[in-house]
Amino acid sequence: MFIRFVAFTAAAALAFISTANAHGYVQDVVIGSTHYTGYLPYSDPYYDPVPERVIRPIPGNGPVTDLTLIDLQCNGYSAGGVVGSSPAALVAPVAAGSDVKLNWTTWPDSHIGPMITYMALAPSDITQWLPGTDAVWFKVAEAGKTADGLWASTDILSADDSIYTFTVPANLKPGQYLVRHEIIALHAAYEYPGAQFYPSCLQLQVTGSGTQSPTSFVSFPGAYTPDTPGIVYDAYTNTSAYPIPGPPVWTGN
Ligand SMILES: *[C@@H]1O[C@H](CO)[C@@H](O)[C@H](O)[C@H]1NC(C)=O
Ligand SMILES: *[C@@H]1O[C@H](CO)[C@@H](O)[C@H](O)[C@H]1NC(C)=O
Ligand SMILES: [Cu+2]
């Protein structure tokens with residue numbers, strides 16, 4: 001009885017520690033002069049009706065570390081019958097060639113690493129679409145460690161008031177696209193599992209007269225394995241260039 005009590009207390013303490021060890025998520029999206037509040041995991045679920053967002057729901061501010069889980073896609077739940085993510089209700093319009101600004105919650109200084117952005121064309125109504133493990137994703141932006149040793153997160157992100165900006169490729173053909181944006185925190189990435197993935201999925205309606213589409217795609221999970229360069233990396237001792245994981249950026253020339 002006493003031992004059970006101790007075990008329960010230890011579990012409760014662990015739960016507390018993982019809550020207290022706050023990390024983050026995208027709290028706001030800015031396109032042109034329009035702001036869209038991000039999905040707020042600590043308040044949205046408690047509203048009735050639940051607020052409509054352009055970002056898909058996440059369980060909280062914590063990371064995914066298992067590269068085989070569907071959770072790696074959009075930080076969605078793999079429990080409760082929801083596969084990878086559940087769609088959001090809204091879709092944000094954006095002209096191809098425009099900037100999209102993602103406003104992160106205050107990011108811990110220790111959580112250094114790259115910021116990477118992918119897109120995927122929804123084959124039909126994005127508010128119903130789950131990519132599953134299909135290879136549909138192409139990379140549109142990436143930032144790792146500069147030659148001066150500055151990391152996309154936290155150095156550059158903090159200097160930019162927690163705003164990360166990527167550009168929708170100018171020649172991208174119009175359609176509904178799911179954006180998968182992530183920070184990979186490397187503070188424990190000297191082994192696998194260790195790297196912490198913080199993905200966030202945003203629903204966009206790309207407009208314009210673009211005609212181009214990429215021809216090669218990756219899946220999530222699938223694009224990253226423990227052997228992919230940049231997944232295992234000792235960020236505190238390795239002074240070499242950091243190899244950003246995943247395929248090359250597609251710019252649509
Ligand atoms: C980011 O979003 C927060 C919460 O909505 C807001 O208070 C803050 O001003 C935003 N930052 C910028 C630079 O817009
Ligand atoms: C530093 O990182 C590079 C790129 O991942 C890797 O090839 C190299 O082995 C690492 N060096 C050490 C000492 O771990
Ligand atoms: Cu953390």
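Indexing begins at 1, ligand by ligand and atom by atom, following the structure's order. Residue indices begin at 1 and follow the sequence shown.
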Trainee: Check Pro108 against His23 and note the closest heavy-atom contact, atom names and distance.
Mentor: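 Taking every non-hydrogen atom into account, CD-O, 3.7 Å.
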
Trainee: Heavy-atom count around Tyr47 OH within 6.0 Å, excluding the residue itself: above 12?
Mentor: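 Count not over threshold, so no.
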
Trainee: Identify, by name, the N, O or S atom of His23 lying closest to the Cu ion (ligand 3).
Mentor: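 Minimum-distance N/O/S atom of His23 relative to the Cu ion (ligand 3) is ND1.
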
Trainee: Quick one: are the ring centres of His181 and Trp104 less than 6.0 Å apart?
Mentor: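 His181 vs Trp104: aromatic centres under 6.0 Å.
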
Trainee: Closer than 4.0 Å to some heavy atom of Asn103 - which atoms of ligand 1 meet that?
Mentor: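 What qualifies from ligand 1 is 1 (C), 2 (O), 3 (C), 8 (C), 10 (C), 11 (N), 12 (C), 14 (O).
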
Trainee: Please identify which of these residues, Thr37, Asn103, Thr106, Thr105, meets the side chain to side chain donor-acceptor pair (under 3.5 Å) condition with Gln27.
Mentor: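 Among Thr37, Asn103, Thr106, Thr105, the one meeting side chain to side chain donor-acceptor pair (under 3.5 Å) with Gln27 is Asn103.
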
Trainee: Mind checking whether the Cu ion (ligand 3) has an N, O or S of His111 under 2.8 Å?
Mentor: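 Yes, within the cut-off.
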
Trainee: Taking the inter-plane angle between the rings of Tyr118 and Phe220 on a 0 to 90° scale, is it parallel (under 30°), tilted (30 to 60°) or perpendicular (over 60°)?
Mentor: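 Plane angle over 60°, so perpendicular.
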
Trainee: Give the atoms of ligand 1, by number and element, whose distance to some non-hydrogen atom of Ile163 is under 4.0 Å.
Mentor: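 Atoms satisfying the 4.0 Å criterion: 12 (C), 13 (C).
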
Trainee: Anything under 30° is parallel, anything over 60° is perpendicular, the rest tilted; go ahead and classify His111 against His187.
Mentor: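 Answer is parallel, since the angle falls under 30°.
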
Trainee: Considering the options Leu121, Asp125, Val206, which one meets the side chain to side chain contact (heavy atoms under 4.5 Å, CB included) requirement together with Gln176?
Mentor: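 Only one of Leu121, Asp125, Val206 forms a side chain to side chain contact (heavy atoms under 4.5 Å, CB included) with Gln176, namely Asp125.
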
Trainee: For a distance cut-off of 3.5 Å, show me each N or O of ligand 2 paired with any protein N or O, plus the separation.
Mentor:
from, atom 1, to, atom 2, distance (Å)
ligand 2, 2 (O), Asn238, ND2, 2.3
ligand 2, 11 (N), Asn238, ND2, 2.9

Trainee: Going by salt bridge (Lys or Arg N to Asp or Glu O under 4.0 Å), name the residues that satisfy it together with Arg56, two or more places apart in sequence or in a different chain.
Mentor: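 For Arg56 there are no salt bridge (Lys or Arg N to Asp or Glu O under 4.0 Å) partners, ignoring immediate neighbours.
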
